[in-house]
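Note sheet for the following structure.
Side chains included, hydrogens not; waters and symmetry mates left out as well; all remaining heavy atoms used.
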Amino acid sequence: MGQPLQNRTQFDPGSSMQVSERKRGLASEIWKHRREYLAISPFYILFAVFGLFPILFSMYLSFQRWDGIGVMTFNGINNYQFMVTDPEFWKAVRNTLLIWIYSTIPMLFFALIIAFLLNASFIKFRTFFRIGFFVPNVTSLVAVAIVFSTVFSNNYGLLNYFLSVFGVSPVEWLNKTWGIQLAVSIMVIWRWVGYNAIIYLAGLQSIPTVLYEAAKIDGATGIQSFFRITIPNLRPIILFTVITSTIGGMQIFTESQVLVGNDGGVSGGGLTIVLYLYREAFVNNYFGYGSAVGWGMFILIALFSLFNWLVVQGGGAKDE
């Protein structure tokens with residue numbers, strides 16, 4: 001008969017000592033570099049207080065019923081159930097997607113054209129134009145919204161004045177759903193086209209000029225070079241601008257809020273997801289439901305960004 005197997009789960013004092021030694025070694029390393037850790041600690045403290053804590057608290061709050069002052073009451077998933085069955089929420093989602101389509105596609109197209117022109121050698125004062133196109137991005141968004149509200153004003157708007165010069169009857173832009181969405185979309189285009197043009201310009205300047213010279217020797221036209229050289233080499237940057245524009249487009253708030261108010265104007269044509277969240281949380285004081293809408297918006301942005309990434313990457317794979 002062989003010797004019985006010994007218990008393999010016996011306490012091993014050697015391994016325990018090694019763990020304690022590693023802990024002491026880690027503590028001594030931290031203490032040794034305490035000045036470095038102290039120097040970088042403000043960022044992590046501020047992030048924990050103003051970044052991580054609000055995220056975790058909003059997740060907790062999305063399962064509560066709270067008016068911002070009284071006692072919180074656990075509400076389970078009722079906030080999420082109400083969100084997915086609320087027609088106003090889906091109207092806000094639809095409006096946000098329509099505004100994104102009206103603004104992002106033309107914005108990125110014009111940004112690419114502008115960047116191509118700014119990179120051309122025959123354009124004079126290129127630095128001046130680059131600064132000019134970027135200025136709208138650093139302009140106060142509230143001021144921009146006020147200016148555009150006067151442009152699209154129903155009675156005395158600048159746009160209606162130009163229409164009257166050509167004998168066209170005034171249009172009540174801010175009393176129509178499509179008019180509100182058009183106004184918001186033009187504001188987004190005006191503000192962000194220069195920003196994306198500068199990003200595209202940086203990408204264009206990183207493309208080796210020998211590629212264009214070789215294409216010219218082979219008899220390629222400017223349009224062929226644009227679609228065969230410029231676009232393929234700019235694909236990572238185009239993907240970046242599409243994703244960032246998607247995230248920004250799904251978070252439109254100030255344009256609609258200043259232009260048409262908290263309810264999104266007539267028939268809720270300007271009611272976006274963030275404006276809907278703001279109205280429910282900070283106007284109606286449904287903070288638990290507002291937190292649930294925020295997490296619902298996060299899921300929609302993630303899914304929509306993933307969809308755009310797959311579309312851009314799929315198009316790139318076909319080209320290759």
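Residues meeting the ring-ring contact (aromatic ring centres under 6.0 Å, His included) test with Tyr60, sequence neighbours left out: none. Residues forming a side chain to side chain contact (heavy atoms under 4.5 Å, CB included) with Phe74 (at least two apart in sequence, or on another chain): Phe63, Gln64. Not counting sequence neighbours, Tyr102 has no partner by the ring-ring contact (aromatic ring centres under 6.0 Å, His included) test. For Ile299, the side chain to side chain contact (heavy atoms under 4.5 Å, CB included) partners are Leu303, not counting sequence neighbours. Taking the side chain to side chain contact (heavy atoms under 4.5 Å, CB included) definition, one finds that Pro208 meets it with Val210, Leu211, sequence neighbours left out. Residues forming a ring-ring contact (aromatic ring centres under 6.0 Å, His included) with Trp173 (at least two apart in sequence, or on another chain): Phe152, Trp178. Remark: Met83 engages Tyr80, Phe89, Tyr289, Val293 in a side chain to side chain contact (heavy atoms under 4.5 Å, CB included) (not counting sequence neighbours).
Checked by atom type, the side-chain pair Thr272/Asn95 shows no donor-acceptor distance below 3.5 Å.
When all heavy atoms of Gly265 and Ile180 are compared, the closest pair comes out as CA-CD1, 4.2 Å. Summarising the geometry of Leu259 relative to Ala145, their closest heavy-atom pair is CD1-O, 4.1 Å, with the distance given to 0.1 Å. Residue Gly270 comes nearest to Val260 through the heavy atom pair CA-CG2, 4.4 Å, listed as atom of the first residue, atom of the second, then distance. Between Trp295 and Ser58, the shortest heavy-atom contact is NE1-OG, 3.2 Å. Nearest heavy atom pair, residue Asn79 against residue Ser62, reads ND2-O, 2.8 Å. When all heavy atoms are compared, the tightest approach of Phe133 to Leu118 is CD1-CD1, 4.2 Å.
You'll find the side chain of Ile238 stays beyond 4.5 Å of the side chain of Leu108, heavy atoms only. Two residues are said to be in side-chain contact when any heavy atoms from C-beta on lie closer than 4.5 Å; Glu88 and Leu271 meet this criterion. Using a 4.5 Å cut-off on side-chain heavy atoms (C-beta onward), Gln257 and Val274 make no contact. Val144 has its side chain out of reach of Pro136: every pair of non-hydrogen atoms, C-beta onward, lies at least 4.5 Å apart.
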*Thr104 vs Thr246, side chain to side chain contact (heavy atoms under 4.5 Å, CB included): CA-CA, chis, key distance, verdict*: CA-CA 8 Å; Thr104 302; Thr246 298; 5.7 Å; no
*asked:* Applying side chain to side chain contact (heavy atoms under 4.5 Å, CB included) to Ile273 and Leu277, what does each step give before you reach the verdict?
replied: CA-CA 6 Å; Ile273 301 177; Leu277 184 158; 5.7 Å; no
*Going through the distances and angles, do Ser185 and Val188 end up as a side chain to side chain contact (heavy atoms under 4.5 Å, CB included)?*
CA-CA 5 Å; Ser185 300; Val188 174; 5.7 Å; no
*asked:* I'd like to know whether Val266 forms a side chain to side chain contact (heavy atoms under 4.5 Å, CB included) with Lys176, so could you lay out the CA-CA distance, the side-chain angles of the two residues, the decisive distance to 0.1 Å, and finally the verdict.
replied: CA-CA 7 Å; Val266 177; Lys176 300 180 183 296; over 6 Å; no
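By the neighbour-count criterion of 12 heavy atoms within 6.0 Å, atom CZ of Phe57 is densely surrounded, having more than that number from other residues, nucleotides or ligands. The local environment of CD1 in Ile247 is crowded, with over 12 non-hydrogen atoms from other residues, nucleotides or ligands closer than 6.0 Å. The 12-atom threshold is not exceeded at CZ of Phe110, counting heavy atoms of other residues, nucleotides or ligands nearer than 6.0 Å.
Of the candidates Thr96, Asp263, Asp86, Asp86 is the only one forming a side-chain hydrogen bond (donor to acceptor under 3.5 Å, both in side chains) with Tyr276.
Listed by first and then second residue, the ring-ring contact (aromatic ring centres under 6.0 Å, His included) pairs involving residues 205-246 are Phe116-Phe226 (not counting sequence neighbours).
No donor-acceptor pair closer than 3.5 Å links the side chain of Ser153 to the backbone N or O of Thr150. Of the possible polar contacts, none joining the Gln181 side chain to the Leu98 backbone as a donor-acceptor pair under 3.5 Å is found. At least one donor-acceptor pair closer than 3.5 Å links the side chain of Thr221 to the backbone N or O of Gln224. With hydrogens and angles ignored, the 3.5 Å screen pairs a side-chain donor or acceptor of Asp67 with a backbone N or O of Gly70. No side-chain donor-acceptor contact under 3.5 Å links Arg130 to the backbone of Thr127. Within the 3.5 Å criterion, the main-chain N or O of Val171 finds a donor-acceptor partner in the side chain of Asn160.
Connectivity analysis of hydrophobic side chains (ILVMFWY, heavy atoms under 4.5 Å, direct or indirect) links Ile146 to Val142, Val258. Other members of the cluster containing Ile131 are Val135, with ILVMFWY side chains joined at under 4.5 Å, either directly or via other members. The hydrophobic cluster containing Leu141, built from Ile/Leu/Val/Met/Phe/Trp/Tyr side-chain heavy atoms closer than 4.5 Å, comprises no other residue.
A distance of 6.0 Å or more separates the ring centres of Trp66 and Tyr286.
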Determine all donor-acceptor pairs shorter than 3.5 Å in which one atom belongs to a side chain in residues 190-207; sequence neighbours excluded.
residue	atom	partner	partner atom	Å
Asn196	ND2	Trp192	O	2.8
Tyr200	OH	Thr241	OG1	2.7
Ser206	OG	Gly203	O	2.6

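A salt bridge is defined here as a Lys NZ or Arg NE, NH1 or NH2 lying under 4.0 Å from an Asp or Glu carboxylate O, and Lys216 with Glu213 fails to meet this definition.
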